[in-house]
Number of protein chains: 2
Amino acid sequence: MNCPACGFAESKVVDSRPVNDGASIRRRRECLQCQKRFTTFEIMESVQIFVIKKNGEKQLFDKSKLLVGVLKATQKRPVNAEEIVNQIEQELQNTLRHEITSGELGEMVMDILRERDEVAYVRFASVYREFNDIDTFMSELKSLKRRQSRKKAD
Amino acid sequence: MNCPACGFAESKVVDSRPVNDGASIRRRRECLQCQKRFTTFEIMESVQIFVIKKNGEKQLFDKSKLLVGVLKATQKRPVNAEEIVNQIEQELQNTLRHEITSGELGEMVMDILRERDEVAYVRFASVYREFNDIDTFMSELKSLKRRQSRKKAD
DNA sequence: GAGGTTGACACAAGATATTGTGTTTTTTCT
DNA sequence: AGAAAAAACACAATATCTTGTGTCAACCTC
């Protein structure tokens, strides 16, 4: 840790305390050359998550972008889109992955929507999976129905 | 240092290395509860960032000053100037640099604007890069168009 | 201006981190 | 794709940091 005053490379820790409820550690250091003291913070690496699109392009995970898609699917449905997006962000942080394909991201959204609101789910899926023809759409609806009846059987 | 995966408060250091020529320390930690590993950085307390102008003059990075420029470029455009300035400040903090040339700062703004709103981008660029003649302006617009058509190809 | 809160400072005993060396994996660059 | 750089991993011997307890000063808030 280079001293900000004289640039010397070595310093010793004089005090060290957790801060922010354990989110990081503040240390008070003293330069071994000039004896000046300074403060440092040890912080979690800011995990930036990249979304890998179908063409291989990487872009930073953009919460508001995802929100737009979810908002569309949940329009006039009793589902809180923001909550869903937050949940996803949370899950991404927790898995400590820095990359996810747009496909996987879509699956995550669908998994959550399927549980909460099936109309929103089908809307989202129809965009995400690009249901272009009646057949794929129908087969998705059928598998949805199967899931429903299985659930009722519980 | 709370584990980002399970939230447990205690972890041990598994590896620790100076990085950035001693500007900070990267540590690899392992959660004592779930054994997951994560990375932390120990960094100097909020260092002041200096902007080096073309004539060599240094001045403290001034957020509101930068905001003025971005506001002009984003006038009546669907872009949140403040958000952009915040993002830049964030990035400056994260890179742990204490100095940046005004040119690099301008490039950062342009990189962000190019992604968000191309009209704002061209406006900002025309001021920042001092497009004095039609030719440079045109060539910038052409490369912008190329980017657009590549994007549509996805 | 009394009271609460936060950062700096001190000290000491126990617990943990650092650093060289070397390999492997991942990421970045061309 | 292939090379180069950066990060993750391992290990071991040594040196340093952490944490409780307590004091003091600076800064808000009411």
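Just so we're on the same page: letters track the sequence lines, and every chain starts at 1.
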If I take atom [atom1] in residue [X] and atom [atom2] in nucleotide [N], what distance separates them, rounded to the nearest angstrom?
{"X": "A:Lys36", "N": "C:dC9", "atom1": "NZ", "atom2": "P", "value": "13 Å"}
{"X": "A:Gln35", "N": "C:dA8", "atom1": "CD", "atom2": "P", "value": "18 Å"}
{"X": "B:Met1", "N": "D:dC17", "atom1": "CE", "atom2": "C1'", "value": "15 Å"}
{"X": "A:Glu42", "N": "D:dC17", "atom1": "CD", "atom2": "P", "value": "13 Å"}
{"X": "B:Phe41", "N": "D:dA6", "atom1": "CZ", "atom2": "P", "value": "13 Å"}
{"X": "B:Ile25", "N": "D:dA7", "atom1": "CD1", "atom2": "P", "value": "15 Å"}
{"X": "A:Lys12", "N": "D:dT18", "atom1": "NZ", "atom2": "P", "value": "14 Å"}
{"X": "B:Asn20", "N": "D:dA5", "atom1": "CG", "atom2": "P", "value": "17 Å"}

With clusters built from Ile, Leu, Val, Met, Phe, Trp and Tyr whose side-chain heavy atoms come within less than 4.5 Å, directly or transitively, what are the remaining members of the cluster of B:Val13, listed by chain and number?
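The other cluster members (ILVMFWY side chains, heavy atoms under 4.5 Å, direct or chained): none.
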Contact summary for B:Leu113 and B:Ala120, nearest pair of heavy atoms:
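Distance-wise, the nearest heavy atoms are CD1-O, 3.8 Å.
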Contact check, side chains of A:Gln33 and A:Cys3, non-hydrogen atoms, under 4.5 Å
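Contact flag for A:Gln33/A:Cys3 side chains = no.
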Flag the pair B:Thr74 / B:Asp117 as yes when at least one side-chain heavy-atom distance between them is below 4.5 Å, and no otherwise.
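The answer is no; the side chains never approach within 4.5 Å.
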Taking salt bridge (charged side-chain N to carboxylate O under 4.0 Å, His left out) as the criterion, tell me which of B:Arg17, B:Arg29, B:Arg27 meets it with B:Glu42.
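Of the listed residues B:Arg17, B:Arg29, B:Arg27, the salt bridge (charged side-chain N to carboxylate O under 4.0 Å, His left out) partner of B:Glu42 is B:Arg27.
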Which sits closer to the 5' end of DNA chain D, A:Arg27 or B:Glu30, going by the nucleotide each is nearest to?
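The residue closer to the strand's 5' end, by nearest nucleotide, is B:Glu30.
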Nearest listed nucleotide, side chain of [X], among [options]:
{"X": "A:Arg29", "options": "C:dA10, D:dC17, C:dA17", "value": "D:dC17"}
{"X": "A:Arg37", "options": "D:dC9, C:dA10, D:dC17", "value": "C:dA10"}
{"X": "A:Arg28", "options": "C:dA17, D:dC9, C:dA8", "value": "C:dA8"}

Knowing that exactly one of B:Thr39, B:Thr40, B:Asp15 qualifies, which makes a side chain to side chain donor-acceptor pair (under 3.5 Å) with B:Arg28?
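Single side chain to side chain donor-acceptor pair (under 3.5 Å) partner of B:Arg28 among B:Thr39, B:Thr40, B:Asp15: B:Thr39.
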Earlier contact from the 5' end, DNA chain C, for A:Arg26 and B:Ser11:
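The residue closer to the strand's 5' end, by nearest nucleotide, is A:Arg26.
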Phosphate contact (D:dA7 OP1 or OP2) by B:Thr39 side-chain N/O below 4.0 Å
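It does not, given that no N or O in the side chain of B:Thr39 lies less than 4.0 Å from OP1 or OP2 of D:dA7.
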In terms of hydrophobic clusters joined by side-chain contacts under 4.5 Å, are A:Val85 and A:Val68 together?
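Each belongs to a different hydrophobic cluster.
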Sugar-phosphate or base contact per nucleotide [nucleotides 22-29 of chain D; S, B, -; heavy atom under 4.0 Å]
--------
